[in-house]
Amino acid sequence: MRTPTRRTVLGAALAAAGTGLLTACSSDSGSGSGSGSMKGMDHSSMNHSSTNPTASTNPTAPAGYLSPNGPEVAAAEARRNPGPERKVALTATETTLDLGGRTVRTWAYGDRLPGREVRATVGDTLALTLANHLPQPTSLHWHGLALRNDMDGVPGLTQAAVRAGASFDYRFALGHPGTYWLHPHSGVQQDRGLYAPLIVEDPKEPLRYDKEWVVVLDDWVDGIDGSTPDAVLAELAKGMGGTGGTGADAGSTGGMDHSGHDMSGMPGMGSAPSAPSAPSEPSTPGTAGTPGGPARMLMGATSPLLGGDAGDVAHPFHLVNGRLATAPETFTAKPGDRIRIRLINAGGDTAYRVALGGHELTVTHTDGFPVEQATTQALLLGMGERYDVLVTAKDGAFPLTALAEGKNATALAVLRTGGGVAPDASARPAELDGKLVTAAQLKADPSVRLSVKSPDRTVQLELTSGMAKADWAFNGRPYDPAQRYPVAAGERVRLEFRNSSAMWHPVHLHGHSFALPDGGPRKDTAIVLPGATLAVDFDADNPGLWMVHCHNVYHAETGMMTVLGYRA
C-alpha cells in the first residue's frame, strides 16, 4: 500500500506560507496587478486581473481559426467537469542556488531547484498565480497537460507575456492523472532554474507501492563562469561556420520570443562578468573557441542510440533534483519496499540514459499514460519525456545514474535502504549497458489505447536544416506565429515527422497526447532519429491554437516550432 502519511504531508506543504511554489493563495489573490488580460476574455469565468496599464492584449486567432479563449474552448473546459480549487502561488525570481557545494546566480521558482512540486488530484481545478519578479517577460507552460487553450502559456499565441513586475492567474481543470511538469515558454528561460514537477494523482490509482520518488534530470549552464542560456543561444545562432561568441553582437542572429519579437536587447544576451573558478568540469567532446566568454558549442558528441550527433551544448554540469553528482540527493527506504519513481527530463539539450544499480525497472507509464508493463535495466529519456517505473528495493546503497547520452558525463542520486558505502560520483552501474526499452517497444494499456481508425487528415512535418547555419525548422520554414496547419474538431489527425536533418529531435505536441504506431504508447513527446520517419495519431478534441516543436530549447528558439490551428 502507499505511504499512509503522504496526504497529510502534502496538505501541510500546500498550506505553508511564503513565496515558494506551494504557497497558498489568499481568496482575493486575483485582485493584484497583472498582464493577464486577454482580448475578448470572459472575465466571469477566467477572473484574470489586468491592472497593469502597459500590459499587452492577448493574441487573437487569424480569420477562419478558433480563438484561444473562444466559446469552443470554454465548452471543452466545461466537459472536464472542473472540481474544487487547488490554490498555489508561484514566484519567478532571480536568486542564488546551492547545487551542492557550488552556488550559482540564476532564475528559479522561489529559492529551490527544482521548484517545489505541485501536486493535485484529477478533477481538481488548479488555480495558480504566477508573480514575475524577473527582469524579462515570462510565462508558464504545463508540459503534457490537455488543458484549456488560453492557459497553455505560449506568449504571442495563447496569451500575452507576463511582464516584469506583473502577475497572471492560471486556472484550469486537471482532466487526466500522470507525471507532468511546468516551465516557461519564453525564450530559453527553461535552461535556467525555471522548472518544477506537476503530479496529478488518480483517486482510483491501480498501482500499489510503499514510497514515491520524483526525479528531475537537468543539464546546467547558467551562472557557470559567466555563462547564460541567452549567451549560449547567441553563440549557437551563428552556426558552426560562424566565429561564435557571447558578445552583444551575437544576439542579433537569434533569440526570438514566441511572438516573433527580437530578444537581442534583453538582459543576458551580452557576456556576463566572470564567476569564481568552478570545480573541475566533466570532460566533454570538443568545444569551439569563443572570444569574450566560455565556449559552449559542443562538437564530436556522438551516440548510436541517438543516431549520431548527441547534442549541441557542452553543459558543464548535470543534475538530479538540483544536485551535483558530488553531493547527491539520498532517498531512503526499507529493503523490500516497492517504490514508484517518476522520471522527468527537464534538460535543454541532453538525453539521459537512466539506470538504478542492482535493480530492474518495471515501466508502468510514459508521459502520464499507462502502458502494458515491461521490465528493463535502463531507459532513454529525451528532453520533455517522462517515465514512471516501479522497483523493489534491495538492501544497501545504490546509484541512480543518469548518463548524459553521448556527452561523457553523469548525474547521480542515491537510493539507500541499509548500510554500505555511498556510491561515488563517477558510479556507472552495469545496468546502463544492459537491456534498454524504448517507447517504440512499449504498448499502450488497453484502457488508454486509441480506437482503430484511419486518419481524416495527415499533416506532414519535415524536420529540416541543422547546426551549420543554425536554421532549424519544420518544412524549411522557421517559426512564424501566423503560420497555421489546419485541423478540424472531431478529426483523427496523423502527424508525420520526417527527419531529414543529421540530428535527433524530441518533438512535443501541446494540448493533446498522440499514439505511437501499432498500438504504441500514448505520449506527448517522442524522439525522432535522423533519417527516420515517425507517424503518430491523435484525436482533435481540444480546440484552439497548439504548438508543435522540438523540445531541444535551442532548436526551438532558432526556428523548429509551428502551430496546429483548429478551423472555425
Side-chain angles (χ1 to χ4, degrees), residues 66 72-73 75-77 79-81 122-123 142-149 152 173-180 200 202 204-207 363-374 381-382 384-388 437-461 485-498 506-528 532-549 551 562-567:
L66 299 182
E72 300 86 355
V73 172
E77 177 75 348
R79 289 193 291 272
R80 296 185 183 97
N81 298 315
V122 67
W142 314 86
H143 186 111
L145 289 184
L147 76 171
R148 58 178 302 148
N149 191 221
D152 193 46
L174 296 168
H176 193 276
T179 301
Y180 307 100
V200 183
D202 186 350
K204 300 178 181 179
E205 177 61 66
L207 294 181
V363 182
T364 64
H365 296 73
T366 181
D367 291 1
F369 282 80
V371 297
E372 293 182 355
Q373 294 186 9
L381 283 81
E385 287 192 288
R386 292 92 62 212
Y387 282 89
D388 292 18
V437 166
T438 66
Q441 297 168 271
L442 297 172
K443 298 296 183 184
D445 185 86
S447 64
V448 297
R449 196 168 293 166
L450 288 187
S451 62
V452 177
K453 181 182 177 182
S454 297
D456 301 299
R457 184 190 302 265
T458 297
V459 178
Q460 295 179 326
L461 295 172
Y485 288 94
V487 300
E491 290 183 331
R492 171 69 56 83
V493 179
R494 176 163 293 170
L495 298 178
E496 188 174 280
F497 297 102
R498 184 167 66 87
V507 291
H508 173 51
L509 170 64
H510 286 209
H512 304 75
S513 64
F514 49 70
L516 268 59
D518 303 321
R522 295 276 295 275
K523 290 180 65 62
D524 54 73
T525 310
I527 291 173
V528 187
T533 296
L534 177 66
V536 301
D537 290 353
F538 73 93
D539 288 330
D541 56 5
N542 196 16
L545 303 175
W546 300 102
M547 290 204 82
V548 182
H549 63 94
H551 220 278
T562 193
V563 178
L564 298 181
Y566 279 64
R567 299 291 297 183

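Values in this document were obtained by computation on a predicted structure and should not be read as measured data. FYI, side chains are in, hydrogens and waters are out, and symmetry mates aren't considered; it's all heavy atoms of this structure. FYI, the numbering just counts along the sequence from 1.
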Novice: Quick check: closest heavy atoms across Asp202 and Pro177, and the distance to 0.1 Å?
Specialist: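 Minimum heavy-atom separation between Asp202 and Pro177: CB-CB, 3.8 Å.
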Novice: Taking atom CG of Asp367 and atom CZ of Arg522, what is their separation to the nearest 0.5 Å?
Specialist: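 So the gap between those two atoms works out to 11.0 Å.
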Novice: Of all heavy-atom pairs between Arg80 and Ala173, which one has the smallest distance, and what is that distance?
Specialist: CB-CB, 3.9 Å
Novice: Shortest non-hydrogen contact from Asn149 to Pro543?
Specialist: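 Looking at all heavy atoms of both residues, the shortest contact is CB-O, 3.6 Å.
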Novice: So do Leu147 and Asp152 actually touch side chain to side chain, heavy atoms under 4.5 Å?
Specialist: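 When only atoms from C-beta onward are counted, Leu147 and Asp152 do touch, with a gap below 4.5 Å.
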Novice: Look up atom CZ in Arg567 and atom CG in Leu66, then write down how far apart they are to the nearest 0.5 Å.
Specialist: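 Here the interatomic distance stands at 9.5 Å.
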Novice: Under the side-chain contact (heavy atoms from CB on, under 4.5 Å) criterion, do Leu509 and Lys523 qualify, and how do the steps go?
Specialist: CA-CA 9 Å; Leu509 170 64; Lys523 290 180 65 62; over 6 Å; no
Novice: Between Leu564 and Val493, does the side-chain contact (heavy atoms from CB on, under 4.5 Å) criterion hold? Intermediate values first, please.
Specialist: CA-CA 11 Å; Leu564 298 181; Val493 179; 5.5 Å; no
Novice: Would you say that Asp537 contacts Lys453 through its side chain, given a criterion of any heavy-atom pair below 4.5 Å between the two side chains?
Specialist: no
Novice: Which residues pass the side chain to side chain donor-acceptor pair (under 3.5 Å) test with Arg498, not counting sequence neighbours?
Specialist: Glu462
Novice: Do Ile527 and Thr438 have side chains that get closer than 4.5 Å, going by heavy atoms?
Specialist: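 With C-beta onward as the side chain, the pair stays apart.
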Novice: Where do Gly490 and Asp456 come nearest, in terms of heavy atoms and distance?
Specialist: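 Scanning both residues completely, I find the closest heavy atoms to be O-OD2, 4.3 Å.
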Novice: Fit a plane to each ring of Phe369 and His176, take the angle between them on a 0 to 90° scale, and name the class: parallel (under 30°), tilted (30 to 60°) or perpendicular (over 60°).
Specialist: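 Parallel, since the angle between the ring planes stays under 30°.
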Novice: As an exercise, state the distance from OH of Tyr387 to OG1 of Thr366, rounded to the nearest 0.5 Å.
Specialist: 4.0 Å
Novice: When you measure from the side chain of Asp388 to the backbone of Thr364, do you find a donor-acceptor pair of N or O atoms at a distance under 3.5 Å?
Specialist: no
Novice: Would you please classify the geometry between the His143 ring and the His551 ring as parallel, tilted or perpendicular, with 30° and 60° separating the classes?
Specialist: perpendicular
Novice: The criterion is side-chain contact (heavy atoms from CB on, under 4.5 Å); which residues satisfy it with Thr458, sequence neighbours excluded?
Specialist: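 With sequence neighbours excluded, Thr458 shows a side-chain contact (heavy atoms from CB on, under 4.5 Å) to Pro455, Gln460, Arg494, Glu496, given in chain and number order.
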Novice: Between His510 and His549, is any pair of side-chain heavy atoms under 4.5 Å apart?
Specialist: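 Yes, their side chains come closer than 4.5 Å.
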Novice: Return the minimal non-hydrogen interatomic distance between Pro517 and Leu534, and the atom names on each side.
Specialist: CD-CD1, 4.1 Å
Novice: Check the orientation of Trp546 and His512. Use parallel for under 30°, tilted for 30 to 60°, and perpendicular for over 60°.
Specialist: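 Ring orientation of Trp546 relative to His512: perpendicular.
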Novice: Asn542 side chain to Ala146 main-chain N or O, any donor-acceptor pair under 3.5 Å?
Specialist: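 Answer holds: no.
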Novice: So, Arg449 side chain and Ala444 main chain: donor-acceptor pair closer than 3.5 Å or not?
Specialist: yes
Novice: Go through the structure and list residues passing ring-ring contact (aromatic ring centres under 6.0 Å, His included) with Phe514, not counting sequence neighbours.
Specialist: none
Novice: Which heavy atom of Thr562 sits nearest to which heavy atom of Tyr485, and what is that distance?
Specialist: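 Smallest interatomic distance, heavy atoms only, reads OG1-CE1, 3.2 Å.
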Novice: With His365, which of Leu207, Asp445, Val448, Leu442 fulfils side chain to side chain contact (heavy atoms under 4.5 Å, CB included)?
Specialist: Leu207
